[in-house]
Number of protein chains: 2
Amino acid sequence: MADAGSGRAGRVRAFEGVLARIEERIAADGLTVGDRLPGERQLAEQLQVSRSSVREAIRVLESLGVVSSQVGRGPDAGAVLTSRPADALGGLLRLHLGIATLSMREVVDARLMIEQWSAQRAARSGMALDTMERALAAMDTAAGPEEFVEHDVVFHSAIVEASGNRLTSAFTQALRDAVRHFAVAAVARAGDTGDLQADHRRIHRAIADGDADAAVAAIAVHLARAYPPGTES
Amino acid sequence: MADAGSGRAGRVRAFEGVLARIEERIAADGLTVGDRLPGERQLAEQLQVSRSSVREAIRVLESLGVVSSQVGRGPDAGAVLTSRPADALGGLLRLHLGIATLSMREVVDARLMIEQWSAQRAARSGMALDTMERALAAMDTAAGPEEFVEHDVVFHSAIVEASGNRLTSAFTQALRDAVRHFAVAAVARAGDTGDLQADHRRIHRAIADGDADAAVAAIAVHLARAYPPGTES
DNA sequence: ATCTCGGTATGGTCTGACCATATTTGGTAC
DNA sequence: GTACCAAATATGGTCAGACCATACCGAGAT
């Protein structure tokens with residue numbers, strides 16, 4: 001894509017041309033979520049490439065979370081523009097963790113950055129408090145590590161979503177997806193979730209009080225406890 | 001991918017199965033950057049699917065920045081594991097900006113978060129100062145907006161890279177890619193880059209002095225100037 | 001030792017076929 | 001007229017097989 005218009009020597013593969021054309025069309029026609037792309041056969045004819053190349057391009061768009069394919073017939077069938085950046089980010093992070101180009105520490109560090117930033121804002125806006133309270137109660141009565149972590153994600157996500165920034169929200173969700181396995185294992189290993197819940201209540205209290213500094217500090221303590229240094233693969 | 005192992009009713013497409021198997025193999029064999037995947041024909045036979053399905057899976061991996069395909073023959077040919085998260089993130093952000101599910105403000109906000117975070121750390125470590133100085137000098141003598149922005153990216157990237165977190169670095173690079181067009185346009189419109197350079201020097205001074213608070217404030221001022229509210233599409 | 005040229009493995013592309021799914025359409029029974 | 005059921009159809013999903021361009025590999029000639 002970045003090569004499409006530049007003067008690089010590299011030959012542009014057919015599916016890359018298709019990608020560029022689709023992106024152009026999205027911009028030119030102002031397509032947005034819910035709009036449909038032409039069918040694969042039709043696109044192939046329009047762009048003078050094979051259906052295979054069109055399919056590869058659509059597969060890329062799907063993997064980046066901007067298109068969703070539906071089989072069958074009717075208004076909802078075909079390639080529809082969607083917006084699932086978190087799914088795409090999640091897969092991306094998971095794969096890069098898998099080939100060891102990203103370390104656990106970097107991922108947790110990024111989480112710390114986003115959550116502290118969001119908590120500062122949440123402390124000023126006072127939003128998300130009731131969602132946090134519900135998640136706290138649900139964690140108290142959670143049956144096992146999986147269920148605990150599920151509500152834990154809701155708790156932390158609420159803080160980030162209060163900032164109203166879909167990019168950081170998506171990023172957080174992706175980070176949580178990528179480390180969900182470790183989180184469940186850590187909770188199961190610890191057995192007692194009392195410390196974690198105490199952290200959560202401290203965070204909630206700080207945001208409710210509008211004390212941004214205390215919220216930042218509480219989150220640092222919490223993440224250090226949940227992912228102690230040395231927590232790897 | 002997320003559906004691969006769950007009990008969802010949705011049928012798993014062939015290429016999704018291929019993706020899952022490749023991911024398993026990466027984890028099981030501990031494959032990392034530089035290692036090669038089997039050829040498309042060989043993979044197709046091993047996994048009992050058509051070559052088209054294998055190709056779609058590899059296309060996805062390529063779009064997520066974990067694989068790079070080389071034609072020809074020899075040790076470097078075929079699908080090689082790589083690590084280009086920034087490229088993948090860049091395309092992802094650009095597309096989502098295109099379909100209007102992310103706003104300019106959210107992107108700039110995220111940049112502000114990362115750069116402030118990084119600057120705090122840089123102020124403590126004192127790294128990246130010489131790279132920043134070289135970029136400052138290069139911006140002074142830049143011929144046009146494009147060249148100015150090029151060195152501007154180097155300047156800001158140096159701050160983030162000083163944190164040593166490849167995830168935030170990749171994210172920053174992706175954000176810069178996504179907004180490069182706007183940045184060039186803004187510089188061209190302003191004409192005079194004196195204010196921007198003054199901001200840059202304030203940021204550099206604060207980091208050199210180890211004054212984290214001043215660095216955070218200087219970055220806030222700079223980004224507010226470079227992307228004033230109302231800067232949209 | 002070096003050069004040359006054919007062999008070969010690789011990804012890239014195309015064609016054409018068939019399948020599965022889901023809607024649309026039209027006919028039929030009531 | 002209404003309700004229901006079956007055929008037509010448009011869509012993505014998959015496959016098989018072919019051919020091309022590329023780039024290394026290696027045998028032979030010099």
Side-chain angles (χ1 to χ4, degrees), chain A residues 1 3-4 8-22 25 31 34-82 84, chain B residues 1 3-4 8-22 25 31 34-82 84:
Chain A
M1 327 188 197
D3 298 2
R8 303 275 185 79
R11 169 152 170 43
V12 176
R13 292 123 106 193
F15 82 88
E16 290 173 330
V18 176
L19 271 177
R21 294 292 298 272
I22 291 179
R25 172 175 303 203
L31 300 184
D35 293 333
R36 284 177 56 184
L37 294 179
E40 296 178 354
R41 293 168 179 83
Q42 191 180 337
L43 265 177
E45 196 189 358
Q46 285 179 11
L47 307 182
Q48 288 292 290
V49 296
S50 73
R51 200 184 148 205
S52 328
S53 298
V54 170
R55 282 183 61 77
E56 293 190 10
I58 290 181
R59 203 57 70 221
V60 169
L61 294 176
E62 209 179 307
S63 76
L64 294 179
V66 293
V67 148
S68 167
S69 293
Q70 309 291 331
V71 300
R73 202 183 143 159
D76 288 353
V80 181
L81 288 185
T82 58
R84 319 168 122 261
Chain B
M1 327 191 198
D3 298 2
R8 302 273 185 80
R11 168 153 169 47
V12 177
R13 294 123 105 193
F15 82 88
E16 291 173 328
V18 176
L19 271 177
R21 294 292 299 271
I22 291 178
R25 173 175 301 206
L31 299 184
D35 293 331
R36 285 178 57 184
L37 294 180
E40 295 178 354
R41 294 167 179 85
Q42 191 179 337
L43 265 177
E45 196 189 358
Q46 284 179 13
L47 306 182
Q48 288 290 290
V49 297
S50 74
R51 201 183 146 204
S52 326
S53 298
V54 170
R55 282 184 61 78
E56 293 190 10
I58 290 180
R59 204 56 69 223
V60 169
L61 293 176
E62 208 179 309
S63 76
L64 294 179
V66 294
V67 149
S68 167
S69 293
Q70 310 292 331
V71 300
R73 200 182 144 163
D76 287 354
V80 180
L81 288 185
T82 58
R84 321 169 118 258

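Any value given below was found using the heavy atoms of this structure, including those in side chains, with hydrogens, waters and symmetry copies removed. Everything numeric in this text was worked out from a predicted model, so none of it was measured.
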Is a side-chain donor or acceptor of B/Arg36 paired with a backbone partner of B/Ala77 at a separation under 3.5 angstrom? yes
With a non-hydrogen cut-off below 4.0 angstrom, is B/Gly72 in contact with a base, only sugar-phosphate, or nothing? base
Under 4.0 angstrom, heavy atoms only, what part of the nucleic acid is B/Ser52 near: base, sugar-phosphate, or nothing? base
Figure out the [atom1]/[atom2] separation between [X] and [N], and round it to whole Å.
{"X": "B/Leu43", "N": "C/dA9", "atom1": "CG", "atom2": "C1'", "result": "15 Å"}
{"X": "B/Arg59", "N": "C/dG12", "atom1": "CZ", "atom2": "C1'", "result": "8 Å"}
{"X": "B/Arg73", "N": "C/dT10", "atom1": "CZ", "atom2": "P", "result": "8 Å"}
{"X": "A/Glu56", "N": "D/dG12", "atom1": "CD", "atom2": "P", "result": "16 Å"}

Select one nucleotide: of D/dC24, C/dG12, D/dG13, the one nearest the side-chain heavy atoms of B/Val71. C/dG12
Side chain A/Arg11 and base C/dG12 donor-acceptor under 3.5 Å: no
On the side chain of A/Arg55, is there an atom forming a donor-acceptor pair with the base of D/dG12 - under 3.5 Å, no angle test? no
Between [X] and [N], does any side-chain N or O lie under 4.0 Å from OP1 or OP2?
{"X": "A/Arg51", "N": "C/dC14", "result": "no"}
{"X": "B/Ser53", "N": "D/dG13", "result": "no"}
{"X": "B/Arg13", "N": "D/dG12", "result": "no"}
{"X": "B/Ser69", "N": "C/dT10", "result": "no"}

Relative to the 5' end of DNA chain C, which residue comes earlier, B/Ala79 or A/Arg41, by the nucleotide with the nearest heavy atom? B/Ala79
Determine, stepwise, if the pair B/Val67 / B/Leu81 fulfils side chain to side chain contact (heavy atoms under 4.5 Å, CB included). CA-CA 4 Å; B/Val67 149; B/Leu81 288 185; 3.7 Å; yes
Hey, does A/Leu43 have a side-chain heavy atom less than 4.5 Å from the side chain of A/Gln46? yes
